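This report concerns only the one structure given below.
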Amino acid sequence: MLDIKRIRDNEAEVREGLINRNADTKVLDDFIEADKKRRVLLTEVEQLKSQRNTVSKQIGLKKRNGEDTTEIQNQMKDLGVEIAKLDQDAKEIEESFQNLLLKIPNVPCKTIPVGKDESANRVAKTVGEAETFDFEPKDHVTLGENLGMFDFERGTKITGSGFPLLLGMGSRLQRALIQFMLDMHVDKHGYTEMLPPFVCNAASMTGTGQLPKMEDDMYKTTEDGLYLIPTAEVPVTNFYRQDIIDKELPVCLTAYTPCFRREAGAAGKVNRGLIRVHQFDKVEMVKFVKPETSYDELESLLDNAEDVLKALGLHYRILELCTGDISFAAAKCYDIELWAPGQDAWLEVSSCSNFEDFQARRASIKYKDEAGKNQFVHTLNGSGVALPRLMVAIIENGQQEDGSIVLPDAIVPYMGGIKTIK
RNA sequence: GGAGAGGUGGCUGAGUGGCUGAAAGCGCGGGAUUGCUAAUCCUGUGUAGUCUAAUUACGGGCUACCGGGGGUUCGAAUCCCCCCCUCUCCGCCA
């Protein structure tokens, strides 16, 4: 959430941010109104409480002196009724105030492109070149099913559409990739590995910004009110919820988790196979940093994600997302897209975002600055990277005319020396 | 899942209705003293909201917070109810 003072003092700046996001500014208007009401009410009720506290203390003193206090007690009783009534009003306005605050998105960073939707995203760079084929390249579904790497029909039978089932070398390749990426982030990039819960409570979901807005996009357990995580960002960031980090910043964590997302993709060719699914695996990187370093840290986070793709020799590009395309909690975001020749399309495999103090305020994550004062950290996260589309790119780029898949050299040691899936 | 014990400030730990936002100790900050290392003494040391102030800053007032929520009372860390968590024992279990 945003700093209340920032909204009060720089309303125009916040409003502009929302407009640039293509977001409704009504929530801001409502918030400002609620804020005014709340402050008036708080002042009033707190004055009455102060009065009550003072008199109550006097009652205590008088009683000890044996004086009769019946009359002032009755007066205080009446005051108590009034306070209770105002308190109720204050509670209601406080609730709506908080709810509105939680619904205001982050203000986009000043430097990012302004635009309504993805058409305004800027291609920051393109790395490598598209694989060329002297035959018609097939898509990953055809290739993988022929090789027994996955069985989508049975996944659908067991659970429903969008729940992919990997098999044999498909399963093995994905496991190898997870291991490969975690090793890289831990050994080369200095992250600490974490294996968190895959289910989180509402407080955690609110902390990172999934709730209240994305409630319908998540799987929820009926008995316990817990949510299946849509990304490792949730448990990993909430590691420090309600905490003051006592470690030297930055703190860098990485985690493999499955991710569960309800949002239904349109069925059909563009979302065929592994492209858009309800359950997928991902290796995530999360950073807790000092505010003044967060934009440098974003660049290094992006580097860390790119390293994976470079090591695998894949053709990719970096998009700098525009104001209308960044997520609710982000101030700035880079997407990484892989080239998939079988799709003849770019596939998003990573989003690297700086949330500034937006999540830290929601989740109350602080550190002690040089002066010993508690300050909110900045949080960042990025996929490093998501598995299904990485699989798609490896399969479609490595395909041979005979339908076999030549694997990137870097992954071979993780495959027990297997160089080709056939 | 059942039974018992317990959850107080950075930590240890006192506190069963008012003089307790909270003793004491430890830790930490500032100062003094001692010719080394060390020790001693003094002093300060929670968070959030809100009002006030105003160029910021510093400050001051008030309210709330002793696991969370509700209740009783003029007044609650303290009494009552519900929930959560931790520990011990039992049950079940990969």
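Because the structure is a prediction, the values reported are computed rather than measured. Only heavy atoms go into these numbers, but all of them, side chains included; no hydrogens, no water, no symmetry mates. Here is how names work: the chains are called A, B, and so on, in the same order as the sequence lines, proteins then strands, and each is numbered from 1.
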Starting from [atom2] on [N], measure out to [atom1] on [X] and report it in whole angstrom.
| X | N | atom1 | atom2 | result |
| --- | --- | --- | --- | --- |
| Q242(A) | G9(B) | CD | C1' | 16 Å |
| N74(A) | U73(B) | CG | P | 12 Å |
| Q98(A) | U50(B) | CD | C1' | 14 Å |
| F97(A) | A48(B) | CZ | C1' | 12 Å |
| I83(A) | C74(B) | CD1 | P | 12 Å |
| L226(A) | C84(B) | CG | P | 12 Å |
| I93(A) | U50(B) | CD1 | C1' | 15 Å |
| N374(A) | G9(B) | CG | C1' | 13 Å |

Q: With sequence neighbours excluded, give me every salt bridge (charged side-chain N to carboxylate O under 4.0 Å, His left out) pair touching residues 350-365 of chain A.
A: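 Counting only pairs at least two positions apart or across chains, the salt bridge (charged side-chain N to carboxylate O under 4.0 Å, His left out) contacts touching residues 350-365 of chain A are D3(A)-R361(A), D357(A)-R361(A).
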(Q) For residues 183-194 of chain A, which residue pairs pass the salt bridge (charged side-chain N to carboxylate O under 4.0 Å, His left out) check, not counting sequence neighbours? (A)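 Output for this query lists K188(A)-D307(A).
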Run the side-chain donor-acceptor check on residues 147-159 of chain A: report pairs under 3.5 Å with partners two or more places apart or on a different chain.
residue : atom : partner : partner atom : Å
D151(A) : OD1  : E153(A) : N            : 3.4
D151(A) : OD1  : R154(A) : N            : 3.0
D151(A) : OD2  : R154(A) : NH1          : 2.8
T156(A) : OG1  : F152(A) : O            : 3.0

May I ask you to check whether [X] and [Y] show a side-chain donor-acceptor distance below 3.5 Å?
| X | Y | value |
| --- | --- | --- |
| H378(A) | S294(A) | yes |
| H140(A) | Q343(A) | yes |
| T69(A) | Q73(A) | yes |

Q) According to the ring pair (Phe, Tyr, Trp, His ring centres under 6.0 Å) rule, which pairs have a member within residues 219-256 of chain A, sequence neighbours left out? A) Y240(A)-F288(A)
Q. Can you pull the ring pair (Phe, Tyr, Trp, His ring centres under 6.0 Å) pairs that have at least one residue in residues 35-75 of chain A, sequence neighbours excluded?
A. none
What nucleic acid atoms does [X] come within less than 4.0 Å of, heavy atoms only: base, sugar-phosphate, or nothing?
| X | value |
| --- | --- |
| K368(A) | nothing |
| K62(A) | nothing |
| R361(A) | nothing |

Q: Sort out the partner of C65(B) for me: Watson-Crick or G-U wobble, both distances under 3.5 Å, none otherwise.
A: G46(B)
**Q.** Nucleotide paired to U20(B) in any strand shown, Watson-Crick or G-U, under 3.5 Å
**A.**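 U20(B) is unpaired by these criteria.
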Q.
I'd like to check the side-chain hydrogen bond (donor to acceptor under 3.5 Å, both in side chains) partners of E33(A); sequence neighbours left out, ordered by chain and number.
A.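 E33(A): no side-chain hydrogen bond (donor to acceptor under 3.5 Å, both in side chains) contacts found.
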Any protein N or O atoms within reach of nucleotides 64-67 of chain B? Criterion: under 3.5 Å, listing atom names and distances.
residue : atom : partner : partner atom : Å
A64(B)  : OP2  : N53(A)  : ND2          : 3.4

Between the protein and nucleotides 52-57 of chain B, list the N/O to N/O atom pairs that are separated by less than 3.5 angstrom.
none

Q. Using a cut-off of less than 4.0 Å, is there contact between a side-chain N or O of R8(A) and OP1 or OP2 of U50(B)?
A.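 Yes, R8(A) has a side-chain N/O under 4.0 Å of OP1/OP2 on U50(B).
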Q) Looking only at side-chain N and O atoms, does S50(A) come under 4.0 Å of OP1 or OP2 in U63(B)? A) yes
Q.
Do the side chains of K332(A) and E320(A) get close enough for a salt bridge, i.e. N-O under 4.0 angstrom?
A. yes
Provide the distance between the two [atom1] atoms, one in [N] and one in [M], to the nearest whole Å.
| N | M | atom1 | value |
| --- | --- | --- | --- |
| A14(B) | C36(B) | C1' | 41 Å |
| U47(B) | U43(B) | C1' | 23 Å |
| U33(B) | G49(B) | P | 41 Å |

Return the polar atom pairs (N/O with N/O) between nucleotides 17-21 of chain B and the protein under 3.5 Å, or none.
residue : atom : partner : partner atom : Å
G18(B)  : N2   : S56(A)  : O            : 2.6

Q. So which pairs with a foot in residues 40-54 of chain A pass side-chain hydrogen bond (donor to acceptor under 3.5 Å, both in side chains), sequence neighbours left out?
A.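 Passing the test, one end in residues 40-54 of chain A: K49(A)-D87(A).
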Q: Could you pull out all residues at least two apart from C322(A) that satisfy side-chain contact (heavy atoms from CB on, under 4.5 Å)?
A: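 Per chain and number, C322(A) pairs via side-chain contact (heavy atoms from CB on, under 4.5 Å) with P113(A), A120(A), N121(A), D325(A).
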Q: Give a yes or no on whether the ring-centroid distance for F328(A) and F358(A) is below 6.0 angstrom.
A: yes
Q: May I ask you to test the L101(A)-I7(A) pair for a side-chain heavy-atom distance under 4.5 Å?
A: yes
Q) Measuring from T208(A):OG1 to I229(A):CD1, what's the distance to the nearest 0.5 Å? A)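 The distance works out to 10.0 Å.
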Q: With RNA chain B as reference, determine whether Q51(A) or K373(A) sits nearer its 5' end, using the nearest nucleotide of each.
A: K373(A)
**Q.** Neighbours of RNA chain B within residues 194-211 of chain A, by heavy-atom distance under 4.0 Å
**A.**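 Listed by number, there are none.
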